[in-house]
Every structure is written in structure tokens, then in C-alpha cells.
Amino acid sequence: MRKIQVILLTLVTSILVSCGTTSTVPVTGRKHRLSVSDEYVLSLSSQQYAQYMKSAKASTNATNTAMVKRVGQKLATAVESYLKSNGFADEVKNFAWEFNLVQDNQVNAFCMPGGKIVVYEGILPVTQNEASLAIVLGHEIAHAVAKHSAEQMTKASNSSTLVQIGGAIASAVGVSDAATQLGTAALSQGLSLLNLKYSRDNESEADYMGLIFAAIAGYDPNVAVTFWQRMASQSSSNVATWMSSHPSDAQRIADIKKHLPEALTYYKAATGKK
């Protein structure tokens with residue numbers, strides 16, 4: 001009994017530690033709790049980004065490189081203005097924007113916490129124009145602004161703690177080693193699938209925020225629909241949505257269409273168009 005009490009105390013302590021601080025996501029207003037600090041995430045991100053850029057090959061296409069930097073900086077300026085005007089001025093200090101185009105045929109782009117964004121040359125034939133590129137960059141910027149990396153790190157840490165505690169409790173109450181291993185494996189798998197949902201939710205949130213960010217920067221959000229339709233035509237994945245870290249193309253397009261009226265209000269305000 002004493003052993004179980006100690007384990008339960010450990011469980012309570014772990015839960016309290018994992019609570020961290022509450023953070024509000026700009027645009028959506030969603031609240032999430034983060035157990036890792038901005039300083040830690042930014043330091044880790046800076047190291048990983050520097051390591052990646054040592055091995056990456058910068059694009060030799062001057063025109064496309066200039067376009068990525070121009071569109072990226074226009075978005076960054078608009079996003080910082082939005083943050084300052086909507087009660088998130090303190091968050092601006094976390095960003096040191098950098099936009100790079102690299103030689104890679106993958107149809108992809110990524111953003112590190114702190115605003116280090118890399119675009120692969122392979123996505124440019126799909127974006128086709130600056131407005132669609134803005135949709136991509138807006139999505140990546142949204143990941144950084146929403147602190148999705150910190151959120152995923154927190155959830156991964158919490159999941160690991162729960163699996164360890166679950167195994168310890170099972171052993172304490174006399175469950176056999178074999179049954180304990182099966183139980184912790186099942187718990188780990190269940191938590192992994194749950195975290196995939198969290199990842200899909202983050203992607204959907206980034207789609208929405210990115211649409212708004214592109215609009216406030218003066219890019220027509222309507223292009224997001226045709227861009228994602230082109231992206232869908234590139235996809236050959238047959239993975240079920242619940243097994244994927246990203247929402248389906250059809251779901252993304254449906255969600256974007258739902259958010260377009262709101263995005264267009266920002267676009268018209270930014271451009272003066274009616």
C-alpha cells in the first residue's frame with residue numbers, strides 16, 4: 001500500500017509539473033498548456049536549424065529565391081503588426097525571421113520555432129504564383145506563432161510520463177511482467193494515435209491562421225482552394241485520416257472554403273478592395 005501511495009504521489013507531481021503555463025493562440029483564441037519554455041524551444045530550434053543549413057544546398061535560382069524572401073518578409077511584417085495590435089506584442093521578440101529556398105524536389109516547406117522557414121524548390125511548380133506561395137508561407141508562419149512545436153513536445157513528454165507511471169502502478173498492484181508490458185505497449189500505441197490527432201488539429205489550425213495571415217498581408221485568400229486542389233493531385237497517400245498526422249486534402253479544402261468569408265474581410269481591409 002505504501003508503494004502505491006508513493007506512485008500515486010509521483011503521478012500527481014508529474015501531472016502538476018506537466019501543466020506548465022497557459023498560452024493563447026493568436027487568431028483562434030485557443031488556449032493550451034506548455035511545459036517547455038520559449039527560451040528552451042528557441043535554443044533547440046536554433047541549433048537544429050544551423051545544423052540543417054550546413055547540409056542544405058541553397059537554390060541557385062536568384063529570381064525564385066528573391067520571391068520567397070520578398071513574400072516571406074511581407075507576411076512577417078503583416079503578422080508582427082497583427083500581433084502588436086491584438087495583445088500579443090510580447091510574442092514578437094521570439095521571432096527572427098529568415099526565409100530560404102533550397103535545392104530539394106520534395107513538394108514541401110517547413111518552419112522552425114523562431115521564424116526560420118525553408119521552402120523546397122519542388123513546391124514552386126505547385127504554388128505557381130506569389131499568392132499561393134503566401135498561403136504556404138502563411139501556414140508555416142502559423143506553426144511558429146501558435147507554438148505548435150512546444151505543444152507537441154509537451155504532449156510527447158506527458159505521454160512518456162503516463163506510460164512510465166502506468167507500468168509502475170501495474171507492477172505495484174501485482175500485475176505480471178508480461179501483462180504489464182502488453183498494457184504499457186497498448187497505452188503507448190493509444191497515446192501515439194491520440195497525438196496524431198493533436199498533430200492533425202495543429203495542421204488545421206495552421207491552415208486557418210495561414211489563410212488569415214496571407215489575407216492581412218494583401219494576398220487573395222481565394223487562391224488557397226486551387227492551390228490545395230493542385231496539392232491533392234500530387235498526393236498518392238492511401239493512409240486513413242485517423243492514422244495520419246495531416247488532415248485529408250478534401251477536409252483541408254472544405255475547411256478553407258468555410259473560412260474564406262472571414263479571410264476575405266481581412267483581405268479587403270488590407271487592399272481596400274470591395
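Because only heavy atoms are used, hydrogens play no part in the values below, and waters and symmetry mates are left out as well, while side chains stay in.
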Taking all heavy atoms of [X] and all of [Y], pick out the closest pair and write down the distance.
{"X": "P113", "Y": "S45", "value": "O-OG, 2.8 Å"}
{"X": "A146", "Y": "V25", "value": "CB-CG1, 3.7 Å"}
{"X": "E140", "Y": "A109", "value": "OE2-O, 3.3 Å"}
{"X": "A150", "Y": "L34", "value": "C-CD2, 3.9 Å"}
{"X": "L211", "Y": "A224", "value": "CD1-CB, 3.6 Å"}
{"X": "N61", "Y": "N64", "value": "OD1-N, 2.9 Å"}

### Query
Does NZ belonging to K273 count more than 12 external heavy atoms closer than 6.0 Å?
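It does not: K273 NZ has 12 such atoms or fewer within range.
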
### Task
Using a cut-off of 6.0 Å, state whether more than 12 heavy atoms not belonging to N105 lie near its atom CG.
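No, not enclosed.
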
So do [Y] and [X] actually touch side chain to side chain, heavy atoms under 4.5 Å?
{"X": "T154", "Y": "R33", "answer": "no"}
{"X": "V119", "Y": "V136", "answer": "no"}
{"X": "R252", "Y": "E203", "answer": "yes"}
{"X": "E91", "Y": "E80", "answer": "no"}
{"X": "D207", "Y": "W228", "answer": "yes"}

Please tabulate, for side-chain N and O atoms in residues 253-265, each donor-acceptor pair with protein atoms closer than 3.5 Å (sequence neighbours left out).
unit_1 : atom_1 : unit_2 : atom_2 : d
D255   : OD1    : Q251   : NE2    : 2.9
D255   : OD2    : Q251   : NE2    : 3.4
E262   : OE1    : Y208   : OH     : 2.8
E262   : OE2    : Y208   : OH     : 2.9
T265   : OG1    : E262   : O      : 2.4

### Atom pair CE/CG of M67 and L124 - distance to nearest 0.5 Å
5.0 Å

### Query
What's the spacing between L75 CG and L137 CG if we round to 0.5 Å?
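Here the rounded value is 6.0 Å.
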
If the condition is side chain to side chain contact (heavy atoms under 4.5 Å, CB included), which residues does [X] pass it with, not counting sequence neighbours?
{"X": "K31", "value": "T22, T24"}
{"X": "A76", "value": "Q73, W97, F99"}
{"X": "S81", "value": "S85"}

Identify whether [X] and [Y] are in the same connected component of the hydrophobic contact network (ILVMFWY, side-chain heavy atoms under 4.5 Å).
{"X": "F95", "Y": "V27", "value": "yes"}
{"X": "M112", "Y": "I117", "value": "no"}
{"X": "I123", "Y": "V225", "value": "yes"}
{"X": "L44", "Y": "M53", "value": "no"}

### Summary
Residues passing the side-chain hydrogen bond (donor to acceptor under 3.5 Å, both in side chains) test with S46, sequence neighbours excluded, are none

### Task
Just jot down the side-chain hydrogen bond (donor to acceptor under 3.5 Å, both in side chains) partners of T271, sequence neighbours excluded, or say none.
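Counting only residues at least two positions away or on another chain, T271 forms no side-chain hydrogen bond (donor to acceptor under 3.5 Å, both in side chains).
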
### Sequence neighbours excluded, every pair satisfying ring pair (Phe, Tyr, Trp, His ring centres under 6.0 Å) that has a member inside residues 33-67
Y52-F110

### Task
Show the numbers, then the answer: is there a salt bridge (Lys or Arg N to Asp or Glu O under 4.0 Å) between R30 and E151?
CA-CA 12 Å; R30 180 175 68 89; E151 184 173 7; 2.9 Å; yes

#### Entry: Y267: ring pair (Phe, Tyr, Trp, His ring centres under 6.0 Å) partners, not counting sequence neighbours
none

### Summary
Residue set satisfying ring pair (Phe, Tyr, Trp, His ring centres under 6.0 Å) with H148, at least two apart, ordered chain then number -> H143

Counting only pairs under 3.5 Å, give me each side-chain donor-acceptor contact of residues 212-223, with atom names and distances, residues two or more places apart or in other chains.
unit_1 : atom_1 : unit_2 : atom_2 : d
D220   : OD1    : N222   : N      : 3.0
D220   : OD1    : N222   : ND2    : 3.0

#### Entry: Any pair counted as side-chain hydrogen bond (donor to acceptor under 3.5 Å, both in side chains), so long as it reaches residues 116-138, sequence neighbours left out
S59-E121, R70-E130, N129-S132, S132-R230

### Task
Return each pair, listed once, that meets salt bridge (Lys or Arg N to Asp or Glu O under 4.0 Å) where at least one residue sits in residues 34-46; pairs must be two or more places apart or across chains.
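Non-adjacent pairs meeting salt bridge (Lys or Arg N to Asp or Glu O under 4.0 Å): D38-K147.
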
### Task
Look at the side chain of K93 and the backbone N and O of D90, then say whether any donor-acceptor pair between them is shorter than 3.5 Å.
yes

